[in-house]
Amino acid sequence: MGSTKNGFSLFVLVGVVFISMMVANVAGDFFQDFDLTWGGNRPKIFNGGQLLSLSLDRVSGSGFQSKKEYLFGRIDMQLKLVAGNSAGTVTAYYLSSQGPTHDEIDFEFLGNLTGDPYILHTNVFTQGKGNREQQFYLWFDPTRNFHTYSIIWKPQHIIFLVDNIPIRVFKNAESIGVPFPKSQPMRLYSSLWNADDWATRGGLVKTDWSKAPFTAYYRNFKVTPSSTASNSFSDSTFQINELDAYGRRRLRWVQKYFMIYNYCNDLKRFPTGVPPECRP
Ligand SMILES: *[C@@H]1O[C@H](CO)[C@@H](O)[C@H](O)[C@H]1NC(C)=O
């Protein structure tokens with residue numbers, strides 16, 4: 001009796017582990033996971049679905065979106081950004097739901113002149129409202145190699161990571177009245193477009209169209225679903241548990257040496273006080 005039962009549980013356990021490994025580890029196939037949504041023939045999928053590129057020329061940019069919607073989970077993608085003179089170009093890579101009260105979790109890469117640093121711009125929209133920008137320089141040249149840009153989205157927090165290093169944490173602050181994205185499923189989007197009215201040095205440096213087409217590359221898309229059941233939504237002591245001591249140290253390192261803008265410190269912009277989620 002007992003051994004049959006154990007045998008059966010072991011069988012189930014192995015099955016569950018196997019299935020979760022499949023879900024977590026099989027790199028996506030771009031043909032299967034994404035739709036090329038704009039830019040005519042500018043977006044391209046190659047290598048049997050393992051590599052995708054977007055391009056931008058004088059006529060149009062381009063973009064793609066995930067076929068599926070996600071509600072919580074971890075999204076990883078490797079990007080290799082527009083090389084050389086990318087000034088004026090923006091590569092956006094973000095999760096978003098739809099409608100006027102949509103939620104959004106954004107990475108945007110603002111190009112620059114050859115040798116000058118990209119800016120990684122991040123934002124979080126809840127219930128249609130953003131205005132929560134943080135910007136960073138990167139500690140590597142994002143155009144030389146692929147690097148991994150990830151979003152961990154849980155009911156307790158959103159974490160932005162670069163090569164598995166946490167750069168930003170947006171905590172669930174519903175307990176003090178700040179809406180948190182937790183009920184609208186989001187799709188993953190990416191696009192490459194011209195934003196030379198604001199992107200580089202605030203719009204001073206314009207796109208050099210003689211260098212077009214501009215191209216960015218994507219690979220190793222991965223989604224790791226996270227169980228949303230039985231999470232303690234309101235217990236704030238659990239909010240940062242995702243990061244261990246090492247993770248928290250890396251986060252402080254990035255914020256100290258690479259963060260160039262934080263809305264939470266922008267008293268000019270919020271003369272009557274920074275938003276509530278900024279207060280410790
Ligand atoms: C581009 O380079 C300039 C000069 O180093 C720098 O001030 C700026 O932050 C860089 N990035 C962007 C996107 O403008």
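The figures here come from the full heavy-atom set of this structure, side chains too, leaving out hydrogens, waters and symmetry mates. Whatever order the structure lists them in is the order used to number ligands and atoms, beginning at 1.
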Handout entry: K211/D208 salt bridge by N-O under 4.0 Å criterion
Key = yes
Practice task
From the options P117, A195, G88, select the one whose nearest heavy atom is closest to atom 5 (O) of ligand 1.
Solution key: P117
Practice task
Could you label the plane-to-plane angle of the F180 and F170 rings as parallel, tilted or perpendicular, counting under 30° as parallel and over 60° as perpendicular?
Solution key: parallel
Practice task
Select the closest option to atom 13 (C) of ligand 1 among S86, G111, G203, judged by heavy-atom distance.
Solution key: G111
Exercise for the section: Verify whether the ring centers belonging to Y137 and F258 lie closer than 6.0 Å. Expected result: no
Handout entry: Enumerated ligand 1 atoms positioned under 4.0 Å from heavy atoms of L110
Key = 13 (C)
Exercise for the section: Starting from the C-alpha separation in whole Å, work towards a yes-or-no answer on salt bridge (Lys or Arg N to Asp or Glu O under 4.0 Å) for D33 and K67. Expected result: CA-CA 6 Å; D33 297 331; K67 293 193 176 163; over 6 Å; no
Exercise for the section: Mark up the atoms of ligand 1 that fall under 4.0 Å of a heavy atom belonging to I119, in ascending order. Expected result: 9 (O), 11 (N), 12 (C), 13 (C)
Handout entry: Non-hydrogen atom of A87 closer than 4.0 Å to ligand 1
Key = no
Practice task
Please could you name the atoms of ligand 1 that Y137 approaches to less than 4.0 Å, counting only its heavy atoms?
Solution key: 6 (C), 7 (O), 8 (C), 9 (O)
Practice task
Could you check whether the rings of F140 and Y149 sit parallel, tilted or perpendicular, using 30° and 60° as the cut-offs?
Solution key: tilted
Practice task
Compute whether any side-chain donor of one residue and acceptor of the other, for Q134 and T122, lie under 3.5 angstrom apart.
Solution key: no
Completion exercise
Of all protein heavy atoms, the one nearest atom 14 (O) of ligand 1 is R201 N, 2.8 Å
Problem - Taking atom 12 (C) of ligand 1 as the reference point, the nearest protein heavy atom with its distance - result: N112 ND2, 3.3 Å
Exercise for the section: Give, for atom CD of E108 and atom CD of Q135, the distance between the pair rounded to the nearest 0.5 Å. Expected result: 9.5 Å
Practice task
May I ask you to list the atoms of ligand 1 that are less than 4.0 angstrom from any heavy atom of T200?
Solution key: 14 (O)
